[in-house]
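Letters A, B, ... mirror the listed sequences (proteins, then strands); counts begin at 1. Quick caveat: nothing in here was measured; it's all calculated off a predicted structure.
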Number of protein chains: 2
Amino acid sequence: MTRAEENYLKAIYQLTAGMNQRVSTTALAERLETKPSSATDMLQKLHDKAMVKYTKYKGAQLSPEGRHIASQIVRKHRLWEVFLVEKLAFGWDQVHDIAEQLEHIKSPDLVERLDAFLDCPKVDPHGDPIPDKNGNIEQINKILLCDQTPNSRSMLMGIKDTDDAFLKYLSQKNIKLGSVITVLDKEPFDESMTVDIDQNTHFISKIISTNIYVQPL
Amino acid sequence: MTRAEENYLKAIYQLTAGMNQRVSTTALAERLETKPSSATDMLQKLHDKAMVKYTKYKGAQLSPEGRHIASQIVRKHRLWEVFLVEKLAFGWDQVHDIAEQLEHIKSPDLVERLDAFLDCPKVDPHGDPIPDKNGNIEQINKILLCDQTPNSRSMLMGIKDTDDAFLKYLSQKNIKLGSVITVLDKEPFDESMTVDIDQNTHFISKIISTNIYVQPL
DNA sequence: ATTATTTTTTAGATAAGACTAAAAATGGAA
DNA sequence: TTCCATTTTTAGTCTTATCTAAAAAATAAT
C-alpha cells in the first residue's frame with residue numbers, strides 16, 4: 001500500500017464512519033482536497049487491488065480487506081495522538097498533522113508495542129475510539145451536550161468538530177476529556193447555555209454545545 | 001525536502017562521516033542501492049537547491065545548509081532508535097528499518113520534545129553519537145577491542161558494523177552498551193581473544209573484536 | 001419524454017524518481 | 001601521448017499521483 005492509497009482508504013472509512021456504505025467520487029475528492037478525476041483514477045486502481053468495490057458512476061465501498069487496512073491506519077493515527085499528548089505533552093490542537101504522518105509508518109510490531117506502552121487506550125485525545133487490531137471499535141454511549149437539560153451532570157467524553165480554532169478554544173479554557181459538566185441554565189431563545197465545568201462557570205453557544213459529547217452521570 | 005532528497009543528503013553525510021569531503025556518484029548510488037544515473041539526476045537537483053556543491057564528473061559535497069539538514073535527519077533517526085529500544089523494548093537488530101521511516105517525520109516541535117522525553121541521550125543504542133540541534137557531535141574517545149591487551153578492563157561503548165547478524169549475535173549473548181570487558185587472553189596466531197564480559201567468558205574472533213568499540217577503564 | 005444541469009469519467013500533460021542503453025569524460029598504462 | 005578501461009552523464013522510458021479540459025452518463029426539470 002502506498003501512502004496515497006492508504007489515505008484514500010482511510011478517507012472512505014471515515015466518510016462512512018466505518019459503516020459499509022458507498023462514497024461518491026466527489027465526496028472523496030473533497031475530503032482529500034483533490035480533484036474528482038484523481039479520485040476516479042485511484043478508485044479504479046483500488047478496485048483492481050480488491051480494496052474497494054467500485055462501479056462506474058455509482059461510487060465505491062470498502063472491501064473487507066480495504067476496511068481492515070483503513071481501520072488499522074485509524075488505529076495507528078489515534079495511538080500516536082495519545083502518545084503525543086500523554087508522553088510528549090502536546091496540546092490537542094497540535095497533534096493531528098504529526099499523527100497524519102506517523103500513521104503511515106509500517107511495522108508489524110511497532111503498533112502493538114506502542115499500544116502496550118500507552119496501556120491500551122480505548123480513545124484518542126479527542127475522545128474518538130481506537131479500533132483494536134482486528135478493526136473492532138468499542139462503542140461508547142455518548143450524547144451531545146446541547147441535548148442535556150438544566151441541572152444535569154455529565155462527563156465530557158469527546159468532541160465532534162476537530163477544527164483547530166475549536167480545539168484551541170477548549171484547551172485555552174482548560175476544558176478536557178473527563179471534565180465534569182453541570183448545566184446551570186439553558187436560554188430558550190438561542191439555546192445557549194450557562195454551564196459549570198470543573199468548578200468554573202462558562203457561557204456556551206449552541207454551536208459549542210452541539211460539538212461536545214458527554215455521558216450523563 | 002522530499003524523502004528521496006533527504007535520503008541522498010543523509011547518505012552523503014554518512015559516507016563522509018560528517019566531514020566535508022566529496023562523494024562520487026557511484027559510491028552514493030551503491031549506498032542507496034540505486035543506479036549511478038539516478039544519483040546524477042538527484043545531485044543536479046540538489047545542486048540547484050544549493051544543498052550540495054556538485055561538479056560534473058567530480059562528485060559532490062554537502063553545502064553548510066545540506067550538512068545541517070543531513071545532521072538533523074541523523075539526529076531524528078538516532079533519537080527514534082533510542083525511543084524504540086528504551087521505551088518500546090525493541091532489540092538492537094529490529095530498530096533500524098523503523099527508524100529509517102521515522103526519521104522523515106516533519107515537525108519543528110516533535111524532535112525536541114522527543115529528545116527531552118528521552119532525557120537528551122548522547123548516543124543511540126549502537127553507541128553512535130546523536131547530533132544536537134545545531135548538528136554538533138560530542139566525540140567520545142573510544143578504541144577497538146582488538147587493540148586491547150590481556151588483563152585490560154574496558155567498557156563497551158559502541159559497535160562498528162551494524163550488520164543484522166552481528167547485532168543478533170551480540171544480543172543473543174547479552175553483550176550490550178556498558179558491558180564491562182576484561183581481556184583474559186589473546187591468541188597471537190589468529191588474534192582471537194578470550195574475554196570476560198559481565199562475568200561470562202566468551203571466545204571472540206578477530207572479526208568480532210575489530211567491530212567493538214570500548215573505552216579503557 | 002426530452003432537455004438541461006450536475007456528476008463522473010476519459011484523454012492527455014506534468015513532475016518526481018527510478019531504470020536502461022548509449023555517449024562522453026576521466027585517469028591510468030603502455 | 002595515445003589508447004583503454006572505468007566512471008559518469010545524457011537521452012529516452014516507466015510508474016505514481018496529480019492536474020485540466022473535454023466527453024459521457026446520470027439526475028433533475030420542464
Practice problem: Mind checking the OH-CD spacing from B:Tyr213 to B:Gln215? Nearest 0.5 Å is all I need. | Solution: 13.5 Å

Quiz item: Salt bridge between B:Glu103 and B:Arg75, side-chain N to carboxylate O under 4.0 Å?
Solution: no

Self-check item: Sugar-phosphate, base or nothing in reach of A:Thr25, heavy atoms under 4.0 Å
Solution: sugar-phosphate

Quiz item: Given D:dT18, D:dT9, C:dA18, which nucleotide is nearest the side-chain atoms of A:Thr34?
Solution: D:dT18

Self-check item: Distance in angstrom units between A:Leu43 CG and C:dT10 P, rounded
Solution: 11 Å

Quiz prompt | Nucleotide C:dT26, atom P - distance to CZ of B:Arg22 in whole Å | solution = 12 Å

Exercise. May I have the distance from A:Arg3 (atom CZ) to D:dT18 (atom C1'), rounded to whole angstrom?
Key: 16 Å

Quiz item: Looking at B:Tyr8, does any N or O in its side chain come under 4.0 Å of the phosphate oxygens OP1/OP2 on C:dA18?
Solution: yes

Quiz item: A:Glu6 has an atom CD; how far is it from atom P of D:dT16, in whole Å?
Solution: 15 Å

Self-check item: Side chain proximity check, B:Lys76 to B:Lys10, heavy atoms < 4.5 angstrom
Solution: no

Quiz prompt | A:Met42 CE to C:dT10 C1', straight-line distance once rounded to whole Å | solution = 17 Å

Self-check item: Neighbour count above 12 (heavy atom, 6.0 Å) for A:Lys35 NZ
Solution: no

Exercise. Say whether A:Ser107 and A:Asp109, considering side chains only, have a donor N or O and an acceptor N or O under 3.5 Å apart.
Key: no

Quiz item: Between C:dT9 and A:Thr40, is there an OP1 or OP2 to side-chain N/O distance shorter than 4.0 Å?
Solution: yes

Quiz prompt | Flag side-chain contact, heavy atom, 4.5 Å: A:Lys49 against A:Met1 | solution = yes

Quiz item: What is the distance from CG of B:Leu28 to C1' of D:dT7, rounded to the nearest Å?
Solution: 14 Å

Exercise. Would you indicate which nucleotide in C:dC19, D:dT20, D:dT10 comes nearest to any side-chain atom of B:Gln44?
Key: D:dT10

Between the protein and nucleotides 21-28 of chain D, are there any N/O to N/O pairs under 3.5 Å, and if so, what are the atom names and distances?
residue, atom, partner, partner atom, Å
D:dA25, O4', A:Tyr57, OH, 3.4

Quiz prompt | Under-4.0 Å salt bridge between B:Glu6 and B:Lys106 | solution = yes

Quiz prompt | Protein-nucleotide distance (B:Asp41, atom CG; D:dG12, atom P), rounded to Å | solution = 14 Å

Self-check item: For atom OH of A:Tyr54 and atom C1' of C:dT9, their distance in whole Å
Solution: 7 Å

